[in-house]
Structures are given as structure tokens and as C-alpha cells.
Amino acid sequence: YDNGLWVKIADGTFRNATRRLVPDATESVWSGKFAKALTGPGAPWQSAVGHELEIVPLSDPVKVKPGQKLSVKVLFRGKPLAGAQVERGDGKTMVAEKDIPRFATDSEGVASIPVLKTGASLLVIDHKVTPSTTPDQADADLYNATLWFSIESNSKR
């Protein structure tokens, strides 16, 4: 979805406004967000749905066991995104920015994510593009994509 235009002001906080409305902003971005959730057996995990930015698993995430790795491909506008950082979390536990586990994509846009436990998993990727497609309103375009899935502890694999 279109998350709108945001500016960072001198105290480090963000406001939902354009650079034209806050000319002394230290940073300005347009933000677009894309989300996918795999919600049960038979979910089409292997499908790229055509989002501007998306995470596509290379194997069925719900069948990965703790201690194994899940490989994912990150696509930006349908092409592999090299050098991106995929973040791993569970979608509910607060983690300080500096402590979020991140896994880099290779030249083919593939990252290997260690799976630590059963339950909910949330993979997140941010990708900033400069200059913005609306340079009169923002300095950059910030794309965000998520992939949510759950590994049940009693699932048959």
C-alpha cells in the first residue's frame, strides 16, 4: 500500500508530511509497503505475485525445521536484488534496531535465513531508491516488503 510521504525533523522523529510542507526536514521519503502471508498447508509459497519489492521462498517455509536454513529470493521490480539485508523476527517481539538479525542477499538476490524455532516468523526487507520519483516532495523512495509464515511444533514434515 501507499504509506505516504514522510519527513524526519531535527529531533529525529518522523512526521507524515512532504518536504514542501516541512522545508527544514533533515530527510524526506515516499514509502510503499508490500506484504505476503502464508497461512496454511498448500499456500502458494513459490509464487512471485508481482509486487514492486517481494520476498519469494525457494522452498516451503512451513516445512523447514529449527536449525535448518530457509533460502529466499528478493525481487525488486521482478529482478533479483543483490546486496540487500533481510531481517528476521517473529512479528511480535520488540528488538532494538541494532540487534535485529540481518542476512545479505548474494548476486542472485538469494539469502539464507537460519530458522531458530517453531511458531511465527516474519522476514522484512527495506530498499531505498534515490532520487525519488517525486523529487519535489521527497529525496528518496523507500520500499518495504514482508513475508510471514508459521512453523507449527506438531506439524508433520
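We count residues from 1, following the sequence as given. Being a predicted model, the structure only gives us computed values, none of them experimental.
- Under the ring-ring contact (aromatic ring centres under 6.0 Å, His included) criterion, Phe34 pairs with His51, not counting sequence neighbours.
- Between Leu123 and Val72, the closest side-chain pair of non-hydrogen atoms falls below 4.5 Å.
- The pair Lys128-Asp141 does not meet the salt-bridge criterion, since no charged nitrogen lies less than 4.0 angstrom from a carboxylate oxygen.
- Listed by first then second residue, pairs satisfying side chain to side chain donor-acceptor pair (under 3.5 Å) with a partner in residues 29-42 read Asp2-Trp30, Asn3-Ser31, Lys36-Glu54, not counting sequence neighbours.
- By the side chain to side chain contact (heavy atoms under 4.5 Å, CB included) test, Ser28 is found to be paired with Val7, Arg19, Ala138, Asp139, residues two or more places apart in sequence or in another chain being considered.
- At distances below 3.5 Å, at least one donor-acceptor pair connects side-chain atoms of Ser132 with backbone N or O atoms of Thr134.
- Under a 3.5 Å cut-off, the side chain of Thr105 and the backbone N or O of Ala84 do form a donor-acceptor pair.
- The nearest pair of heavy atoms linking Leu53 to Ala145 is O-CB, 3.3 Å.
- Between Leu147 and Leu122, the closest side-chain pair of non-hydrogen atoms is not below 4.5 Å.
- Here the closest non-hydrogen pair linking Ala104 and Gln85 is CB-NE2, 3.4 Å.
- In Arg15, the CZ atom is not crowded: 12 or fewer heavy atoms of neighbouring residues, nucleotides or ligands sit closer than 6.0 Å.
- Within the 3.5 Å criterion, the main-chain N or O of Leu5 finds a donor-acceptor partner in the side chain of Asn16.
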